[in-house]
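Notes follow once the structure below has been shown.
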Protein chains: 2
Amino acid sequence: MDAQPPSSDTSPWMPFESRRRARDEKREAVLRTAVALFLEQGYHRATLNEVAERLNITKPALYNYFRGKEEILFECWSLGQEQVDGFIAAINAGGGTGLAKLRKLIRAYAEVLATDFGASLVRFDPRDLTETNSRTVRAAKRSIDHTFRNYIADGIADGSIKPCDPKLSAFAIAGSLNWIGHWFQRDGPLSAEVIAENFAVQLTEGLAAKRTRKKKAR
Amino acid sequence: MDAQPPSSDTSPWMPFESRRRARDEKREAVLRTAVALFLEQGYHRATLNEVAERLNITKPALYNYFRGKEEILFECWSLGQEQVDGFIAAINAGGGTGLAKLRKLIRAYAEVLATDFGASLVRFDPRDLTETNSRTVRAAKRSIDHTFRNYIADGIADGSIKPCDPKLSAFAIAGSLNWIGHWFQRDGPLSAEVIAENFAVQLTEGLAAKRTRKKKAR
DNA sequence: CTCGTATATTACCCATCGGTAATAAGAAGT
DNA sequence: ACTTCTTATTACCGATGGGTAATATACGAG
């Protein structure tokens, strides 16, 4: 499409680079198509033939980019996980009370779960993965869980969250959020931002140590 | 096993009855084995051969009790749904504020989701069912959702719950609960009762209009 | 004992689908 | 133009697993 013929003053590596980029773009296109189809039909019902068909290619062409169906599944999951890792790092880097960090986490996680790759974090079954990849997924899930628990524990320590069982509270909050991946639809009446904001408030209202000063007493 | 030879003063229908009961017991045994296996391995990975093997029979024997794999899946789901329908009817029959009914619902729903048939309500994929059965499932899910929303709306109307969006609040609460079906394990450190009680409190604390008088100030 | 019904088994069919081999087509480099 | 590397296609394989047909066995009834 926008691949321009190598001008005279361009590095001789341009074509290589351009080809590599084109390849990466195609790889990504496969993943976008695959994740959408996997979510639509479920991993087992979705066939590689149909993934290929939607891309106007044939099944064996996919094997130029991936080792097989399982690798595609895992890479979809990875793209979602990258997003989560990203914002968790950002929140950790920033400051704030445990409660503030928890709310940031809820908002960011909710918005990721409203995307296709985000939903794949909770809609895909680790048992469809190889043992190695499955271990990676389980470790990541544990890590997210611990992040929730840590922020809650931080909040209890700094007084922003009233004493509670961090484990159970984390389960309750993460459950609410994870479920978004199952019901959210982009073309629905609720935007991801509205949901994220609402959940950030509702899910922490019961935990906050001091009542958030009512914005509008009623 | 305990089928006793028909004594002289027994109704001539006894054998029939006894046989029918034996049959029902076997049917149920199939469902218990199947639901456990489906949850363990996932519907698609679980084979009827393995279900049969666990029952010390062979696959075709299953077809004496069910039309096929899909019917087994649907019946497992139905048994879970029956429980839900049961306690919802009970709560509706009883009285109480919207908040009180909501808490009863949370407790009961949490405990059902901690059972195998209960978990099947949220772990099985309706897309694996025939169109007819799938419609039944979707209708039941809508009904549960509406029950949550109605109790919340009732609570707002009677003043026990402070104004909020019943739709979003219902999603948040139901999400927390549904997730139980994904992580709860019977042999884990948390009992279903503890989880149910904790969730009933935590998930409604943010909604309650008046602070629940602290049982034990600490 | 014999018949009929319910229930189980063995052996088999076949549709589906992930994956592979052989090969053709297209663009960059010489 | 000729070669080479990449990328795509057509045609096929083979395992898996749901479902069926034919048949054997257990058991209550007459």
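Being a predicted model, the structure only gives us computed values, none of them experimental.
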- request: State whether the distance check finds a donor on one side and an acceptor on the other, under 3.5 Å, for side chain K59(A) versus base dG19(C).
  value: yes
- request: Measure the distance from CD on E50(A) to C1' on dG18(C) and round it to the nearest whole Å.
  value: 15 Å
- request: Verify the contact: side-chain N or O of R23(A) to OP1 or OP2 of dT7(D), cut-off strictly under 4.0 Å; return yes or no.
  value: yes
task: Mark yes or no for a side-chain to base donor-acceptor pair under 3.5 Å between N64(B) and dA8(C), with no hydrogen or angle criteria applied.
output: yes
- request: From the options dC17(C), dT20(C), dG18(D), select the nucleotide whose nearest atom is closest to the side chain of T47(A).
  value: dC17(C)
- prompt: Using a cut-off of 4.0 Å on non-hydrogen atoms, how would the nucleic acid contact of A46(A) be classed: base, sugar-phosphate, or nothing?
  reply: sugar-phosphate
- request: Using only heavy-atom distances, determine whether the side chains of Y151(B) and N92(B) contain a donor-acceptor pair under 3.5 Å.
  value: yes
task: Tell me what K26(B) touches on the nucleic acid: a base, only sugar-phosphate, or nothing, going by heavy atoms under 4.0 Å.
output: sugar-phosphate
statement: Whichever of T58(B) and Y43(A) has the more 5' nearest nucleotide on DNA chain C, that residue is T58(B)
Under 3.5 Å, N/O pairs linking protein and nucleotides 22-24 of chain C:
none

- prompt: Is it true that the NZ or CZ of R45(B) lies under 6.0 Å from the centre of F38(B)'s six-membered ring and within 45 degrees of the ring axis?
  reply: no
message: Regarding Y65(B), tell me which of base, sugar-phosphate or nothing describes its non-hydrogen contacts under 4.0 Å with the strands shown.
response: sugar-phosphate
statement: Atom CG of D24(B) and atom P of dA6(C) are separated, to the nearest Å, by 14 Å
- prompt: Which nucleotide in the set dG18(C), dA11(D), dG19(D) lies at the smallest distance from any side-chain heavy atom of P60(A)?
  reply: dA11(D)
message: Please verify the inter-ring angle class for H44(A) with H44(B); under 30° counts as parallel, over 60° as perpendicular, anything in between as tilted.
response: parallel
